[in-house]
Amino acid sequence: MEKCLGVISAGNLENNFGALCIHRPVYMLPYGGRYRLMDFSVSNMVNNGIKTIVVYTGEKIRSTMDHIENGRPWDLDRRFKGLILFPPVTHGYTSNKYGDIPQFYSTMDFYETVREDTIFLNHPNIIAKVDLKAAFKYFKETDADITFIYKPQNDPWGEYVNCEKISLDEDNNLETMGMNLGTEKEFNMFIRSGFMKKEAFIRLVKEAIEKGDSDYLLDAVIRNKDKYKINGYRFDGHVENIRNLKSFYDANINLLKKDVARELFYQGGTIFTKTKDEPSTLYTESSKVQNSLIANGCVIEGTVENSIIFRGVTIGKGALVKNSVIMQKAEIHDNAAVVNSILDKQAVIGEGVRIAGSTLMPYVVEKKQVIRKD
Amino acid sequence: MEKCLGVISAGNLENNFGALCIHRPVYMLPYGGRYRLMDFSVSNMVNNGIKTIVVYTGEKIRSTMDHIENGRPWDLDRRFKGLILFPPVTHGYTSNKYGDIPQFYSTMDFYETVREDTIFLNHPNIIAKVDLKAAFKYFKETDADITFIYKPQNDPWGEYVNCEKISLDEDNNLETMGMNLGTEKEFNMFIRSGFMKKEAFIRLVKEAIEKGDSDYLLDAVIRNKDKYKINGYRFDGHVENIRNLKSFYDANINLLKKDVARELFYQGGTIFTKTKDEPSTLYTESSKVQNSLIANGCVIEGTVENSIIFRGVTIGKGALVKNSVIMQKAEIHDNAAVVNSILDKQAVIGEGVRIAGSTLMPYVVEKKQVIRKD
Amino acid sequence: MIENKVVAMLLAGGQGSRLKELTKKIAKPAVPFGGKYRIIDFALSNAANSGIEDIGILTQYKPFLLNSHIGIGSAWDYDRNVGGLRILPPFTSEDGGRWYTGTANAVFENIDYIDEQDPEYVLILSGDHIYKMDYNELLDYHKENDADVSIAVMEVPWDEASRFGIINVDKNNKIIEFEEKPENPKNNMASMGIYMFKWEVLRNYLIKDDENPESDNDFGKNVLPMMLAEGNKMFAWVFDGYWKDVGTVRSYWEANMDLLDPNNTLNLYDKDWRIYTKSRNLPPQYIARGSDIKDSLVNEGCYVMGEVKRSILFSDVIIEEGAIVKDSVILSNCVIKKGARIYNSVILEGVNIEENATIGSEGDSHIYMVSDKNIIKE
Amino acid sequence: MIENKVVAMLLAGGQGSRLKELTKKIAKPAVPFGGKYRIIDFALSNAANSGIEDIGILTQYKPFLLNSHIGIGSAWDYDRNVGGLRILPPFTSEDGGRWYTGTANAVFENIDYIDEQDPEYVLILSGDHIYKMDYNELLDYHKENDADVSIAVMEVPWDEASRFGIINVDKNNKIIEFEEKPENPKNNMASMGIYMFKWEVLRNYLIKDDENPESDNDFGKNVLPMMLAEGNKMFAWVFDGYWKDVGTVRSYWEANMDLLDPNNTLNLYDKDWRIYTKSRNLPPQYIARGSDIKDSLVNEGCYVMGEVKRSILFSDVIIEEGAIVKDSVILSNCVIKKGARIYNSVILEGVNIEENATIGSEGDSHIYMVSDKNIIKE
C-alpha cells in the first residue's frame, strides 16, 4: 500500500443534521463514546499501511484542525508524507464552484508531484472496516482503472433510499451507478470508497474542468465509464451510512450490539483518536448501569440504560439516562431524566428536568445548551 | 512571559503586492534568503519566552499551513500550548464582516479559557527585533492596560506616509493615534506591536460588537482611549515596515548591510524556519559572487551582485544577477541577465533572456512563470 | 541561560523489591497504579504541569518497559528535538563504562547533559512516589530564601517517623540537622526525596562527593549532610498534600483504594492538574445488562457482566457473569471467569481466574497478590 | 506482524581512532562530513528514504554528541512515540550490567527491543560509512533468494582487497567462503558490513554465539562464518554506487574533496534521495565584495571576504580579507584571519588561524589536520 494515497472528501450534508452541524462538518460528529466519524476512516487507512492521507476539510475547518492535531493521533504528524489538510480555496478560479472537482483541481500540483500511483477515495461519513489490503490486491490483479467497494444491502423497509446503488455484470464490471429508490429489496450499495489509478483521477478531473460538464467526481466517472475499466469489490461486513440525524443516532446505539462493537472497534486494528487524559470512570454507591457503553472520565451516580456515554460526562443521583447518546462533558443533574435524546457537548440538563424524544426522532440538545426547570 | 499569549493578526494588504500575493498572505512573503516574514514574529516571541501563539491566518490558508507545519520549526507543535491557527470563520454571525474584531470575537471562548492574562499583539508584516522581555517589564511596571511599541522614525522623504503615527505626553501616555501624512520630518511610528491586559482586550472586542462602532481593534482602542491607561514603549532598533512591493524589495536588499543583517538575523536569538534539507551551495569554476546573501542548495556558475538568493536557485554560466531578489528554486539559465528584479518561486529565466526593472519599481516574475526567448 | 531555568533529573532506577511480583520484570516507577497510570506518571505529569521544559530520566534497572512506556515523552508533551525529555542510562567513556552507584552518582555521571541545558536550578525527583505537587511553589520558596538547596518535607505520623529521613529545622525552616531513620526522632518532618538545588552549588558537591572513595554517592546519606556540614543555606519546604511511597504490597493496595474515597486529596479529576499517561487507544468500557458496579473505578476496554464493589479495574479486564470482585485491584488484561469470587486482592497483569475460583473472603484482613504462578498472602 | 517488516540496527559505537583528533571527543559516526553532515546521517537518511520505520541506534563510546545530534530523530522523521528511532546504549538486568563486547553482542543484548517490534527481517547497518543505498533493493534480492542472510558487497581494487573481508561466491552469488583480510585474495568482492537477516534465523545464531565463551561476538568474525558452516542460505548482493569508509585522515580529506567533482556519484543535490541532518537554523552565507570563491561548497552562516578554491566550508566559517584557502576542509566555527594561507588542510571545529599564518603549500602532497593544540601532518 506504499504506493497508495488516501483521499478523504466529505461533501456538505450539514443541513441534514440540524443543530449538531452548526459548528462542525458531518465527519466530525462524535461517535462511539470517544471518537469522531473520521477517526474510523483515517485509522482504517493507517492500519492498512497507507502513509499519506489528504483531507478536503470543507469550510468549518476549526473543529477539524483542533481534532486532527496535524495527524498526531495516527502518528501522521510527519515531516515526510503524513496527513495533509486541504481547506477550500476561497480565491481564484475555484472559489465559487460547488462540488469536489474544483477542489481536486485546485490541488492538482500535489497529485502530479507525489510518488504514489494509486488513490484510495473515501467518504468519511460511511463507516466500514474494509480490509483495504485485500481490496487493493483485487484492484491490482484485475488491472482496473477504478474499483468501487460495495455492500449487498438488504433493505426491506426502504431505509437506504437515496444511497448510491450500483449494478455489475457477471465479471464484476460496472454497468450502472445511480440513486437507490428502493425498487428492490436488496441492492448493491456503493459505500463511496474505492481505488483509482492516479492517472485516471487526474484525467477525469482535468477533462471535467475543460468540458465543464461535471462538478462531482462520481458524475465524471459515470459520464466516462466506457473509457475506463471499472469494477466492484464486494464487502460483507457491517456498514453505517450516516446521512441524517436518525442514521447517526442508530449508528451510535448499534454499538451496544456485541458483534457490531467487536467489528467496528477491534477488527483490522485499533481506532485512534485524540487523547484526552481522562482518568477512569467512577461508579458510586448509587449508580446503576445496564447495557451501555461508557467512556473514561465520567462520574456516574444515577441510572444509565441502553446508552452511549462520552468522555467526562457526569450523571447525578437519581438521574435516568435511557436510549440516549450523551456527548463529551455533558452534565445531567440529580433526578433529571433523559430518554431517546442526543445531548451535544457540554449540554446541561438541570436538576429534575425531564426530556424525551422518540427513537425515530431523538430530542437534540445543542452544544452548551442549558435546560433548567424554571 | 509565561502568562503572555502571542496573537498574530495580519489584516489583508495583498493587493499592494501584485502577483506576489495571489496565492499567499503578505506575512508569508519570502524574506532574507530562507525565511518568510512571519518567521521573524514567531521566532522573536519564542526567543522571549512566549509559549502560546495564535495566528489569524486570513483566507489564503494553504501556504500558511504548509509552512507552519503545526509549529514544528519553533518547537511549538505541542500537545499543550504551542501554535494555534485560526482560519476565518465562514459561517454564522461573523462570516460577512470585515476587520479583526469579528475574528477575535469568533474565538472569545479561547481567550476566556486560557490561563494567560496578557496578550501580545503583533503585526507580522513589520519586522523588528524588539526585546519583548524588557517591553513586558515596562508594561507591568507602569501597570498599563495597553502598551504600544513605537519607533521614532526619521522620514525626510515621506517614505513612511500612511504608516501609523502616535503621539505621547511627557509621561509616555498615549495622546493620539492616526495615520502619518508626512507633516513632520520625524514621527513616532507605531510598529503595531504591543501588550494588552486580556481583560481589556476582551472588553474592547465585546463592546465593539455590541455597539457596532468598530471593525478593527485599533479603532476600538482609539474610541475608548480615555477608559484605559495606554502608554508607549520606545524601540530604537531597525524596523522594516513592509506594506508594498517597494518596501518589500528594499527590506530584502537592506540585509546586505552588515549591521542590519547582524541585528535581524542574530540579535535576541535565532530565526527559525521550515527546514528544507538542502546541501551546501556549490560555486563552480566560473562563478563570481559579490556582496550577496546566498542560501543553501544553490548551484552558482554565473555572476551575482548585490542580490538575495534563496534556497535551491541555479544560476547558469555567463548569467548575471544584479540588485535582485531570487526566490526558492528559481532557475536562471546560461547567459541570462536579471537586474533590479524579483523572481518568485520556481520562476524560470531562459537562456539569454534579459529582464530589468528599476530599484523604484522592480520587475516581478510570477511563481512558476517561464520567460524564454522566442 | 534563560532566567530561572530548571532542569529536572528524575531517578527512575529503583528496583522496589518489597513489591514482590509487581517489580519482578519492571522497575518500581513502571508499576501500574490507579486504574490507568504507572507510578512514574505522577512525577512526570507534575513536572509537565509545573512548566519544567527539560527533564532527564535516570534509568538503570530493567528499563525496557519504562522506555516503551515513556517513548519520546509525547504523553507529557516532552517530545521535543532539542531539550525536552531524555532517558539517561549509564554510558561509557575513555576510562570504560560505569554503572550508577547511587542517586548522587547517577546525576554526577550526567553533568555534561545538565551543562548542555545550562540551567540555574536542578530539581531532583524520584519516580517512586504518588503525589501532585506544583514545583513552582518549591522554586519560589527556594528563591525567596536564596537557598543552596531546598528540600520538600512532609509531616508523617510520629510513630512512623523512625522509618524516614527526618529533618530538623530552626524557626525559619532553615535545616540544622539530618537524622536518617532515627530511633527517637526529635521531629516528624520527613524528607520526600525532592530537592531543588542551585546548579553551580550542586555541581561542585557532586564532583567533591565523587572524589571521596568512602562515599556511597547518595544524596540523603552523603551529599546533603556534607553540604550542611560545610555551612550551605538549606531550607525545608513543607508540603501538605497527598503523598505516598508505595513500598509494600499492602501500601500499594491501600494507595489504590484511597482513590475510591470521594474525599481523597489526590483528585484525579482535577482538570487543572491532569495526570498524563501513554494512551492505549482502547474503546469505551461496556457494562452489560445484569452487571452491578458500585464504588469502583473502571477503565477503557473493560467488559463487565458480573459484580464489582469497591474495586479498581485497569484496562481490558473482563468480569464474566456471576463473578464477584470486591475490595480488589485488577490489573490490565485479566479475565475473572464465571462464578469466581475475589476479595482483598491485587491481580497482576494478564492473569485469568478460573471459573468458581475463590481468593480471600469478605472482611478478610489479609491482602493477596495473585500472579500466574502463585498467590502471595500478606 | 506487518508483512515484510524490517527493523534496522545501526552500529554507532565505533571509536575510529585512526581519525586522530577528529574522534578524540566523539564517536566516528558523529564526525562532520561534506559541509553540513555527520557521517551517521548517510546511514540514517538511507534508512528513512528506504521507508524503514523502526531503527535502533547502538551506542557505547562517547555517545554525548551523537545523542544530541540525533535528538529524538526529528530530522529523519523518526520522532514517533511508538516505534521510530531508539538509541540503545547498554543497560543492566538481574545479572548486572554488561557493556557491548562486539557487533553481534550489541544486537544480542537488544533482542527484547527487536522482538517488541516483531519484524520479519533485521537489517544490520554501520554508522561509519558514506554512501547512498536503497535498502529495498537488498530486501527484494533477499526475498527472491529466500536467503537467511544477504550481504551487501562491492568491488574493490585488487591491490586493496587484502585490507577487506573478502567474500567468495558461486555463479549465483551464493556465498561459499569468507576470507578476513586474505593475503592472496581469490576475489575482490568486499563485505560492506550491511547485512539483511531473517530475524528468526539471526535470533537463534545470536543466542548460540552468546553461549560460546570463545567468540568475540562479532558478525564478520564469528556469526557469519558459523552460519555458513552450518549450511544457511547466504547470498552476496553487489552494490556499485559510491561507498567510502573514511578510516584515515587522508581518506577523510579525499572523501570530502570527492564532492567537488561534478561527476561524483554521491550526488547530494538529488531531490529523490536527500541526506538529512539536524538543522542549525543559520542565516544564509554572505559573500562580500572582493571575495573570490570557485569550485567550493559553502554552508549557511559563513562570511567570506577572502579567496576560497577547491574547498569545503562548514557552517559559520569566517574567511577574512586577503586570506587564501585552497584544497581544504574547514569545519564549523573556524576563523581564517587576514592574510592567512591554508593548503591541503583539515581544520577542526572552532579553530582560529592567526593572521598571515601559513599551513601547507600549493601542490603539497601531504595532508594537515589542524586542531587548537597541534598540526598533524600525514
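Throughout, protein chains are lettered first and strands after them, A, B, ... in sequence-line order, and every chain is numbered starting at 1.
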**Student:** Quick one: what part of D/Asp79 sits under 4.5 Å from any heavy atom of chain B, side chain, backbone, both or neither?
**Tutor:**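 It is the side chain, since no backbone atom gets that close.
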**Student:** If I measure from the heavy atoms of chain B, does D/Phe314 come under 4.5 Å with its side chain, its backbone, both, or neither?
**Tutor:**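 For D/Phe314, neither part sits under 4.5 Å from chain B.
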**Student:** So what's closer than 4.5 Å to chain B heavy atoms on D/Leu282: side chain, backbone, both or neither?
**Tutor:**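 Just the backbone, heavy atoms under 4.5 Å.
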**Student:** Using non-hydrogen atoms only, which part of B/Val304 is less than 4.5 Å away from chain D: side chain, backbone, both, or neither?
**Tutor:**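 When you check distances to chain D, no heavy atom of B/Val304 falls under 4.5 Å.
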**Student:** Please look at B/Leu255 and chain D and tell me whether the side chain, the backbone, both or neither of the residue comes under 4.5 angstrom of a heavy atom of that chain.
**Tutor:**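 When you check distances to chain D, no heavy atom of B/Leu255 falls under 4.5 Å.
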**Student:** Is any side-chain heavy atom of B/Phe310 closer than 4.5 Å to one of D/Pro284?
**Tutor:**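 A side-chain contact is absent here, since even the closest heavy-atom pair is not under 4.5 Å.
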**Student:** By a 4.5 Å heavy-atom criterion (distance strictly below it), what part of B/Glu305 contacts chain D: side chain, backbone, both, or neither?
**Tutor:**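 Contact with chain D is through the side chain of B/Glu305 alone.
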**Student:** Taking every non-hydrogen pair under 4.5 Å, which of B/Gly33, B/Gly32, B/Ser287 racks up the most with chain D?
**Tutor:**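 Highest number of pairs under 4.5 Å: B/Ser287.
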**Student:** For chain B, find which of D/Lys271, D/Arg310, D/Lys294 contributes the most heavy-atom pairs closer than 4.5 angstrom.
**Tutor:**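 When all of D/Lys271, D/Arg310, D/Lys294 are compared, D/Lys294 has the most.
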**Student:** Checking side-chain contact (heavy atoms from CB on, under 4.5 Å) between B/Leu282 and each of D/Asp295, D/Leu268, D/Leu297, D/Ile293, which is the one that passes?
**Tutor:**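 The single option meeting the side-chain contact (heavy atoms from CB on, under 4.5 Å) with B/Leu282 is D/Leu297.
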**Student:** Distance check, rounded to the nearest 0.5 Å: D/Ile287 atom CD1 versus B/Lys288 atom NZ?
**Tutor:**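 Nearest 0.5 Å value for the CD1-NZ distance: 12.0 Å.
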**Student:** Is chain B contacted by the side chain of D/Thr277, its backbone, both, or neither, given a heavy-atom distance below 4.5 Å?
**Tutor:**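 Contact with chain B: backbone only.
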**Student:** Considering non-hydrogen atoms only, spot the tightest contact between B/Cys298 and D/Tyr269 and give its length.
**Tutor:**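 Heavy atoms of B/Cys298 and D/Tyr269 come nearest at O-OH, 3.9 Å.
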**Student:** In terms of heavy-atom proximity below 4.5 Å to chain B, should D/Lys309 be classed as side chain, backbone, both, or neither?
**Tutor:**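 The answer is neither part of D/Lys309.
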**Student:** Given heavy-atom pairs under 4.5 angstrom as the criterion, report whether the side chain, backbone, both or neither of B/Thr270 touches chain D.
**Tutor:**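 The side chain, not the backbone.
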**Student:** Rounded at 0.5 Å granularity, tell me how far CG in D/Asn281 sits from NZ in B/Lys274.
**Tutor:**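 The CG atom of D/Asn281 sits 13.5 Å away from the NZ atom of B/Lys274.
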**Student:** So what's closer than 4.5 Å to chain D heavy atoms on B/Tyr266: side chain, backbone, both or neither?
**Tutor:**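 For B/Tyr266, the contact with chain D is made by the side chain alone.
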**Student:** Side chain from CB out, backbone as N, CA, C, O: work out which of these in B/Thr275 comes under 4.5 Å of a heavy atom of chain D, or both, or neither.
**Tutor:**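 Contact with chain D involves the side chain of B/Thr275 alone.
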**Student:** What residue, out of D/Arg280, D/Gln285, D/Met305, D/Arg289, has the most heavy-atom pairs lying under 4.5 Å from chain B?
**Tutor:**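 The answer is D/Gln285.
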**Student:** At a heavy-atom distance under 4.5 Å, which candidate from D/Gly35, D/Gly290, D/Ala75 has the highest pair count against chain B?
**Tutor:**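 Of the candidates given, the most pairs with chain B belong to D/Gly290.
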**Student:** Identify the two heavy atoms, one from B/Tyr35 and one from D/Pro283, that lie closest to each other, and give their separation to 0.1 Å.
**Tutor:**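 So the two residues come closest at OH-CA, 3.2 Å.
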